[in-house]
Each structure stands twice: as C-alpha cells, then as structure tokens.
Asks: 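Provided herewith is a single structure, encoded as structure tokens, for subsequent inquiry.
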Amino acid sequence: MKGANFYRLRGRHFSATLLFLTFTTFFFWTWEKNPFATTLWSAQEQFNFHTSDRNSIMKMREVPLECLLHSECNVFVGTILVSERMDGKPLWSSYVVMLKGIVSLANIQWVLTFSLFSCFGSEFVVDTLKGSSSDSLTPNKHVEETDSDSTSSGESQIPEKEFDASNFTNSSAPQLEDRDADRTPSSKIKDCNYSKGRWVAESRRPLYSGFECKQWLSEMWACRLTQRTDFSFEGYRWQPDNCKMLEFEKSAFLRRMQDKTIAFIGDSLGRQQFQSLMCMATGGEWRADVEDVGKEYGLFKPRGAIRPNGWAYRFSSTNTTILYYWSSTLADLEPLNITDKATDVAMHLDRVPAFMRQFLHLFDVLVLNTGHHWNRGKITANHWVMYVNGKPLKDRRLMAVGNAKNLTVHSVARWLDSQLPSHPQLRAFFRTISPRHFRNGDWNTGGNCDNTTPFTGGSEVSQDESSDPVIAAAVKGTNITLLDITALSDLRDEGHISRYSVKATAGVNDCLHWCLPGIPDTWNELLAAQI
C-alpha cells in the first residue's frame, strides 16, 4: 500500500510545488520586463523557438527522471521557460527545460518538454536538436551528425561502405538535411543574398590591365590582345542587395590570406577564375617574388598533353598559395591500362578526384565547379567509362548524362562535407555553372554571340533561388557554401570571347569562355567577400 501511494501529492509536496510555481512565474515575468536581464543572453541564445516550431516535436525518446537529479547525465539545468499549447494559450502546467551538456563528446543541446505532474513520474519526452535554433527542422525528420574522418593530414579517406546510387536521377535527387541552418538567422540569410542584386557602372574597373597581366593570363582569353575594339563590358561591378561588399584590394586580400592556400578544382571555367584571381592579387603586374610550386602538388605537363594538369603559385611576401587543378567532371579518373595510351578510363561517379583526397589537408579555401563537360560527346571522345562502387555501371537510367552528373555532384558534396569536421581550417565553396550564350546555333553549328551592348536582357537579378538547381541541391544542408554566379553572369552575354582571337580564326566563336579582365573577376570578388 505504501508503494501504491508513493507518487501521490501530499500536502507538503503541494505547498512546495505551489511555492515553486509562484517563484518561477515571478522570475520570468521580471526577466521579460527587465531590459538588463534580457541582455544577459545573445538574441540567438534566448531560446528563439517560433510558434510554428513549438507545434512540432521531432524524434522522441524516454529519459529517466533521475537524469535531472544525478551527475551521470553530465548536464546542468540552464533555463526553465513557460511553454504554450498548440492553440497558443499559456500552459502553466508545462515547461521547457534547456539542458546544455556533452553527449558522446558532441556539443549539442537537449530540449526537454514535460508536464508538471509527469515530473513526479518516471519519464518525460525529449527532443534533440543540434544548435540553438529549430528553424532548419521539419516534422518526422531527425538531424544526424555527419561521420567525419579523423585524419587531419595526408590523403583523406573515402568511406568503405558501398555507395547507393539508386536514387540519383534528375527526377529524384537525394536531399541532405539542413543541419547548419542555425548558424545564421534566417532573416539575415534572406536579407543578404550575394547573387541577388544588380550591375552598376564603376569607373574603377577593371581591377587589372589585360595588356599587363601576361605572366598569369592565357593569351587566348586576353581580349585586349585581339581585334576587339569595344571594351565597355569591363566597366561594371556587381552590387548585391543588402550586402556590404568591400572593394577588392590586392594587398589587403593577400594579408588576409597570409599562410593560406586557395585551391580551384574544376574545368576550364575554373581555370579562368584561377587566372583572374592571380591577376587581381598582383594587379596584373609582373611579380618576381611569386614562386611556381606546382611540383609540391604533383602538377606537371603529361607527355603528349597540350598543357599541365594544373598550376600552383606562392606569394613569398605572405606565404599565400593559389592553385588550380584540372578536373572537368569532379569524378575520379583512373586509366584501366596505364601502359596503353588508347585505354579506356574508369570514370568513378561516386569518388572524388585523387588530387582532392591527397591534398585536402593543405587547403584553406577550396572552390569546386563542373558542368560543361557533362555531355555524351566529351565522355565518348575521352574514352570515359562510368563506374560506381568500383564496378562498371550497368544501370542505363543512371548512365544518362544528366543523372550521372547529378550522382557525381551529390557524391562530391557529401564526401567533402564529411571531411570538414576533421579539416576545421577549410572553407569550401561549390560554384554554380557559368552560362553559355550561343545564338543561332551551337559551338559547332555556326552559333555566335556578337552582341557588344551591355544589359540587353536587363541588369538586375531579383530571384531568390539559384539558376543552377543541381549544385544548389547538392550543397543544401551541408557546410559547403554555394558560390552562385549563374544568374548574374547570364546578364553579361557581351563579355564572351566571341569571334575575336589572337590569330583571327574565321568562323570560330567562343560564347562559353569570358574575356579577362571580365566577368570571372566578379566571381572572385564574391568569393573574397564570403571567405
């Protein structure tokens, strides 16, 4: 009988409970009314649940009441706040207790919701959240920690688990959960969107001379050396809406990047961005103090190749390294027979380039891009054979170029995101695709881009979403930053190489690559603003 009455509220229990309620109610009324008290926490720490989020209880599990009473749980009570019912009315018999602690060596927060009367029982409901905001969570989804490689130097390892490629199609692209949306308040994300803004005239453009930057700039992209006579495209800068973007200054940039390495990995548009940054960092001037360190990264010109597989330069004054590695698809390429020049090449859709795995620990800033080499002509001409899980791909649906690209992009983003915890110095960016502007045909069917008048299609981007949904979807929910340049570059069709070239080859139009100085300089300004 004594055991049966153990949990009944006795007189002294009721008195103590009533006193506790009175004290906490007065305490929180004072806390809310006192400006000084409310400044003890930052805005994000003041338990900023929105009403809509209170209605959603995510993954639940039972926790013994003793967890509040014993030190084994390794937690401490931070704050008790009055909760509300789903209809918005106060629920004085319900409380929210925030407990901060360490669970499995991860810095997380425990949010416990329990009834006053269940406090005298043996269990209550728990909701586990990562970070201090629930903005990124949706009902029936649990945010999981990403497995990370503990290796901090040397070649980063690829998980041994087989890759499930069954869902990687254009119609059904896997979405990573938004684990890090709490880093920046959503209001600030909406206010400052670097890809949303307008082009404005700027007398201080270009940032370097197309005549002078011969040390870093490929001749074929230096439009000042061609027959072109109109260079009005050089005189504009991008102004994001509600974003304060400082003027790029070469000395200040190199000081910021002191003892750091900036790596570009991608196709020829990535090489244009690399050359652009070299010209911007030097002001287009000859620099004897910049050392070629390509050998440190295994960058060389393969036998029979037109150009090296990459370049790396180091500014001795600040020990800043800027490098580029050619990987047009971001898939790992492996010759099936290294003794045969005509051998097929395994194109591992689920494996990042070996160069990235080997040198990731040396990078402080990484910018990835891919896009224009994902076509059947390129794949066939290069003898690329698609592989997944180390085996030739047999799924015809997945072998469709769009689906194969989707699989690779998501694979790269997922792998890179898993490596970031063990490389805390690294800021990773995935640049969206650079637009083409062929008119009246394609590159091999007489297409051209002869327009030299700026902004015939407008000068402003007002959309919030990216014009490259594949890359945007791949980085969503990761710690990789989307460098979104597609829509703003699409307004600048007059900035391409067009029909101009050093050798004045008739009938050749390049409406894919850009004149330098030019649009890729803006990409680097956006990059510098977000580093």
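The basis for the numbers below is simple: all heavy atoms, side chains too, and nothing from hydrogens, waters or symmetry mates. For the single chain, residues carry numbers from 1 onward in sequence order.
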Asks: Are side-chain heavy atoms of Trp326 and Arg307 found at a separation under 4.5 Å?
Replies: no

Asks: Begin from the C-alpha positions of Arg287 and Glu212 and carry the test salt bridge (Lys or Arg N to Asp or Glu O under 4.0 Å) through to its verdict.
Replies: CA-CA 11 Å; Arg287 291 282 295 263; Glu212 303 293 333; over 6 Å; no

Asks: Among pairs that include at least one residue of residues 244-288, which meet disulfide bond (SG atoms under 2.5 Å apart), considering only residues two or more places apart or in two chains?
Replies: Cys213-Cys279

Asks: If I take atom CZ from residue Phe429 and atom CZ from residue Phe264, how far apart are they, to the nearest 0.5 angstrom?
Replies: 10.0 Å

Asks: How many angstroms lie between atom CG of Leu483 and atom CD1 of Ile471, to the nearest 0.5 angstrom?
Replies: 11.5 Å

Asks: Say whether, by atom type as modelled, one donor and one acceptor occur between the side chain of Trp238 and the main chain of Tyr194 under 3.5 angstrom.
Replies: yes

Asks: Can you tell if the side chain of Asp395 reaches within under 4.5 Å of the side chain of Asn403, non-hydrogen atoms only?
Replies: no

Asks: Are any side-chain N or O atoms of Arg436 and backbone N or O atoms of Trp443, one a donor and one an acceptor, separated by less than 3.5 Å?
Replies: no

Asks: Quick check against the 3.5 Å criterion: does Asp442 have a side-chain atom that pairs as donor or acceptor with the backbone of Asn444?
Replies: no

Asks: Regarding Asp230 and Ser232, do their side chains bring together a donor and an acceptor under 3.5 Å, going by distance alone?
Replies: yes

Asks: With distance as the sole test, does Ser489 use its side chain to make a donor-acceptor pair with the main-chain N or O of Ile485 at under 3.5 Å?
Replies: yes

Asks: Provide the closest heavy-atom pair for Glu234 versus Pro206 in the form atom of the first, atom of the second, distance.
Replies: OE1-CG, 3.7 Å

Asks: Return yes if a side-chain donor-acceptor contact under 3.5 Å exists between Thr486 and Asp468, otherwise no.
Replies: no

Asks: Hey, what do you get for CG (Leu512) to NE2 (His496), rounding to the nearest 0.5 Å?
Replies: 7.0 Å

Asks: Which atom pair, heavy atoms only, marks the closest approach of Leu488 to Trp199?
Replies: O-NE1, 3.0 Å

Asks: Using the six-membered ring of Phe231, assess whether NZ or CZ of Arg224 lies under 6.0 Å from its centre and within 45 degrees of the ring axis.
Replies: yes

Asks: Might you work through the ring pair (Phe, Tyr, Trp, His ring centres under 6.0 Å) test for Phe359 and Phe355, ending with a clear yes or no?
Replies: CA-CA 6 Å; Phe359 295 105; Phe355 178 85; 5.0 Å; yes

Asks: Identify the two heavy atoms, one from Ser268 and one from His513, that lie closest to each other, and give their separation to 0.1 Å.
Replies: OG-NE2, 2.7 Å

Asks: Relative to the ring of Tyr313, is the ring of Phe274 parallel (under 30°), tilted (30 to 60°) or perpendicular (over 60°)?
Replies: parallel

Asks: Donor-acceptor pair, His437 side chain versus Asp490 backbone, under 3.5 Å?
Replies: yes

Asks: Is the backbone N or O of Asn389 less than 3.5 Å from a side-chain atom of Asp350, with the two atoms forming a donor-acceptor pair by type?
Replies: yes

Asks: Within this structure, what is the OH-NZ distance for the pair Tyr208 and Lys250, rounded to the nearest 0.5 Å?
Replies: 13.0 Å

Asks: Indicate whether any N or O donor in one side chain lies under 3.5 Å from an N or O acceptor in the other, for Asn193 and Asp241.
Replies: no

Asks: Please answer whether the main-chain N or O of Val352 pairs with a side-chain N or O of Arg357 as donor and acceptor at a distance below 3.5 Å.
Replies: yes

Asks: Strictly distance-based, threshold 3.5 Å: is any side-chain N or O of Tyr324 a donor or acceptor partner for the main-chain N or O of Asn309?
Replies: no

Asks: Answer whether the closest heavy-atom distance between the side chains of His383 and Thr343 falls below 4.5 Å.
Replies: no

Asks: Any salt bridge between Arg205 and Asp521, counting N to O under 4.0 Å?
Replies: no

Asks: Please round to the nearest 0.5 Å and tell me the distance separating atom NZ of Lys196 and atom OG of Ser462.
Replies: 7.0 Å

Asks: What distance do Thr329 atom OG1 and Met347 atom CE have between them, rounded to the nearest 0.5 Å?
Replies: 4.0 Å

Asks: Spell out, as yes or no, whether a donor-acceptor pair under 3.5 Å connects the side chain of Ser327 to the backbone of Gly266.
Replies: no

Asks: Do Tyr387 and Pro392 have side-chain heavy atoms sitting under 4.5 Å apart?
Replies: yes

Asks: Test your reading of the model: is there a side-chain donor-acceptor pair from Asp332 to the backbone of His348, 3.5 Å cut-off?
Replies: no

Asks: Taking all heavy atoms of Phe438 and all of Asn509, pick out the closest pair and write down the distance.
Replies: CE2-O, 3.5 Å

Asks: Any chance CD of Glu219 has more than 12 other-residue heavy atoms, nucleotides or ligands included, within less than 6.0 Å?
Replies: no

